[in-house]
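In listed order, ligands and their atoms are each counted from 1. If you're wondering where the values come from, they're calculated on a predicted model, not measured in any experiment.
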Amino acid sequence: MAHAAGELEVVMDAAVDPLVVCGTDERILHVNAATERLLGWSRARLLGQPVSRLFPVRLRTFAGHSLPRYLLSRRAALGGRPIRVFALREDGVEVLVELTVGTAGEGEHARIALTFRGLHEVIDTLEDPVEQAEPGMSRHLDDRARDRLYRLLVENAPLGIFHFDRTPVVTACNERFVDMLGSTKRVIVGLNLLTLRDDRLMDAVRETLKGHASDFEGDYVAMTSGKVTPVRVRFAPCYAEDGLTVEGGVGLVEDISEHRHTEAERERHLAQLDMLFHSAPIGLGFVDTNLRYARVNDVLARINGVPAEAHLGRRPHEVLGPAGVPIERMIRQVMETGEPAVKHEVRTDVDLGAPGPRRYLAGSFYPVRAPDGRMLGVGILVEDISERRRAEEERNRLYREAQEAIRVRDDFLSIASHELKTPLTPLSLRLETLERKLERGEPVDASVLHRARRQLLRLTGLINDLLDASRIEAGRLALHPEPTRFDTLVENGVRAMEAQREDHLITFEHPREPVRVHGDSYRLEQVVTNLLENALKYSPDGGTIRVALTVRGDVALLSVTDPGIGIPPDQQALLFDRYFRARNVSARSYGGLGLGLYISRDIVERHGGRIWVESEVGHGSTFYVALPLQPAAHVSPDTSHAGPPAH
Ligand code: ADP
């Protein structure tokens, strides 16, 4: 018997499938090696034990029968087909198996034989983490330890893992997968994937069963809660031991909600950045570590005068010519030092060959690094600061002008006070002398009175000039034009001047015909007098003042030439500005407020005429006044004389 039993064991061990034999009392008599391997029980621990120990408690009785008996009772109906059931391993893990139950022998030799075919494990308990396993285990991994390690791996994988057979029914899965699906392992193991009614999923499964790995991405809708989880499943075929037949497949499930979320976030950020990149009012670009443009926005393209696409893949000197060389130098420096180079100003007319008006640009270069610190390239930021620069220049100009105006005003005040005071002292002296003489009853010298009057006239003249200048500024210098004999007017002026001056000779070249203009004779006389006074004043060494009046076409041309100090060429155009005095006249040697020519120009121009000067320093000056002649039709006999001053 012992021999027979031993022989039976040898035969049973040779069988591929796990096999358990028990008596009619359902106590285990034989266990083969495959059973030991599949269920982890050691033979010694099982012998004599009730066979029900091999099944979870809930499966031990069925319709009042033990599981083996129940299956035996249904033998006819099953027709030898195995049923799928959970077996219990010694370590408490349930294993899905295909179980066939049969009987052999009669009477006391009657035996019940249970054949298990191991499907994949249903892993739902995890004990003994690897760390707690016996020392040295990693070197001598026995099957159980390897098993445990394997389970640990599967359970802790950050992926849902499930196995399915060809039917395709889920035969095993890890907790993570159960969590993802929001169901229970009970429901999932044994679930036919067809029932998920997802065509694309089924395509992937079919592909897998054909032996091709395939991917599926979609939304899993939880059966109970309806919760939608976006998932990605990588399918891989599982081969039978022959290595050829596909017996099922494994799905590795990744919950990509987070991923989808980050993806969406990323897309949003990118869209925002893109929008900023393209709509920013400054030039933006990026060059890679090979110094080639990888991105360029429209503003930068415009600044460079080259279309954005024409930048891509090319280096600054290829796009911009020599102007790109210093830019490349700058980029290289930023990449080498890792330090940004901020606000380098360039002028387009000098440094950048871009066409168009001169512009001022400020360029900044920033190192761009990957999160791990690797240099990716350099970001370029170019700002067109022309407006700002121009505003700055304008501001500086206005400031300079304001300063100049203040200086002119101060100068003017000191000159004006000096000018006004100068005639006062002799005037008051003369009046004192007169007063004394009158008190003493002495005869009064007419020349003293005459000089006093000249001083008074000079004062009046200065004050009148000031008043006229302010009237002109306010646009309130009134003119009263009437038909006027300009030749007579000039002659009177010359005569009056001659009477005053002894040191100078004044010649007057008359026109052949009367010269008639339509003008304000008082104001025109003021112009002539001013020119004559200046000619005398600025010819300190005496000499001849030549006055000429001619008619050129329909214009009366007056010229006053003096042999005086002349006017520096760069100042000639400015003489007619308010308060302007040429730099070769010092306030001390030549008194004056710089108003006479300003007033004269206003008067002449308002008569439709023009006033200008030709002069050479040290050789004298000629001032010209051109006035339109009065049209012949307007000439009437009674207006052929210059009228008396109307003011
Ligand atoms: P003022 O003579 O009171 O300074 P004007 O307006 O008449 O003012 O003249 C302005 C400036 O033009 C003078 O200060 C002087 O520098 C210059 N100028 C005018 N006439 C002459 C001249 N005949 N010769 C040289 N410089 C002259």
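- If you check which protein heavy atom lies closest to atom 5 (P) of ligand 1, you get Leu597 N, 3.6 Å.
- Ranking the protein heavy atoms by distance from atom 16 (O) of ligand 1 puts Ala582 N, 2.9 Å first.
- Under a 4.0 Å heavy-atom criterion, Phe623 is in contact with ligand 1.
- Arg315 has a carboxylate O that lies under 4.0 Å from a charged side-chain N of Glu328, or vice versa, which qualifies the two as a salt bridge.
- Looking at Gly594, Ala535, Gly592, Gly591, it is Gly594 that brings a heavy atom closest to atom 8 (O) of ligand 1.
- The side-chain tip of Arg295 points at the ring of Phe277 from less than 6.0 angstrom away and within 45° of straight on.
- Listed by chain and number, the residues in a side-chain contact (heavy atoms from CB on, under 4.5 Å) with His607 are Leu479, Asp520, Leu524, Ile603, Leu627 (sequence neighbours excluded).
- Annotation: atom 10 (C) of ligand 1 to nearest protein heavy atom, Phe580 O, 3.3 Å.
- Annotation: atom 12 (O) of ligand 1 to nearest protein heavy atom, Leu575 CD2, 3.3 Å.
- Listed by number with element, the atoms of ligand 1 under 4.0 angstrom from any heavy atom of Leu595 are 6 (O), 8 (O).
- For ligand 1, the atoms lying closer than 4.0 Å to a non-hydrogen atom of Ser621 are 24 (N), 25 (C).
- Taking the centre and axis of the six-membered ring of Phe576, the NZ or CZ atom of Arg601 falls outside the cone set by 45° and 6.0 Å.
- If you check the side chains of Asn304 and His311, you find a donor sitting under 3.5 Å from an acceptor.
- Using 4.0 Å as the threshold, Lys537 has a heavy atom nearer than that to some atom of ligand 1.
- Between Arg606 and Asp602 there is a salt bridge, with a side-chain nitrogen of the basic residue lying less than 4.0 Å from a carboxylate oxygen of the acidic one.
- From the protein, the heavy atom lying nearest to atom 23 (N) of ligand 1 is Asp562 OD2, 2.8 Å.
- Here the protein heavy atom with the shortest distance to atom 4 (O) of ligand 1 is Arg581 NE, 2.5 Å.
- Ring geometry for Tyr590 against Tyr538 counts as tilted: the plane angle lies between 30° and 60°, on a 0 to 90° scale.
- Distances from ligand 1 to the non-hydrogen atoms of Gly566 include at least one value under 4.0 Å.
- For ligand 1, none of its N or O atoms has an N or O atom of Ile565 under 3.5 Å away.
- Considering only non-hydrogen protein atoms, atom 24 (N) of ligand 1 sits nearest to Tyr538 CB, 3.3 Å.
- When heavy-atom distances to ligand 1 are checked against a 4.0 Å cut-off, Asn584 has no atom that comes that close, whether in backbone or side chain.
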| message | Between Glu401 and Arg397, is the salt bridge (Lys or Arg N to Asp or Glu O under 4.0 Å) condition met? List the steps. | response | CA-CA 6 Å; Glu401 277 181 15; Arg397 194 182 61 78; 2.3 Å; yes

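- With no hydrogens or angles considered, a side-chain donor-acceptor pair links Arg523 and Gln526 at under 3.5 Å.
- If you check which protein heavy atom lies closest to atom 19 (C) of ligand 1, you get Asn534 ND2, 3.5 Å.
- Judged by distance alone, the side chains of Glu309 and Tyr293 never bring a donor and an acceptor atom under 3.5 Å apart.
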| said: Let's go through Val625 and Leu531 carefully: what are the C-alpha distance in whole Å and the side-chain angles of both, what is the deciding distance for side-chain contact (heavy atoms from CB on, under 4.5 Å) to 0.1 Å, and is it a yes or a no? | reply: CA-CA 10 Å; Val625 171; Leu531 292 184; 3.7 Å; yes

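- With a 4.0 Å heavy-atom cut-off, ligand 1 is reached by the side chain of Ile567 but not by its N, CA, C or O.
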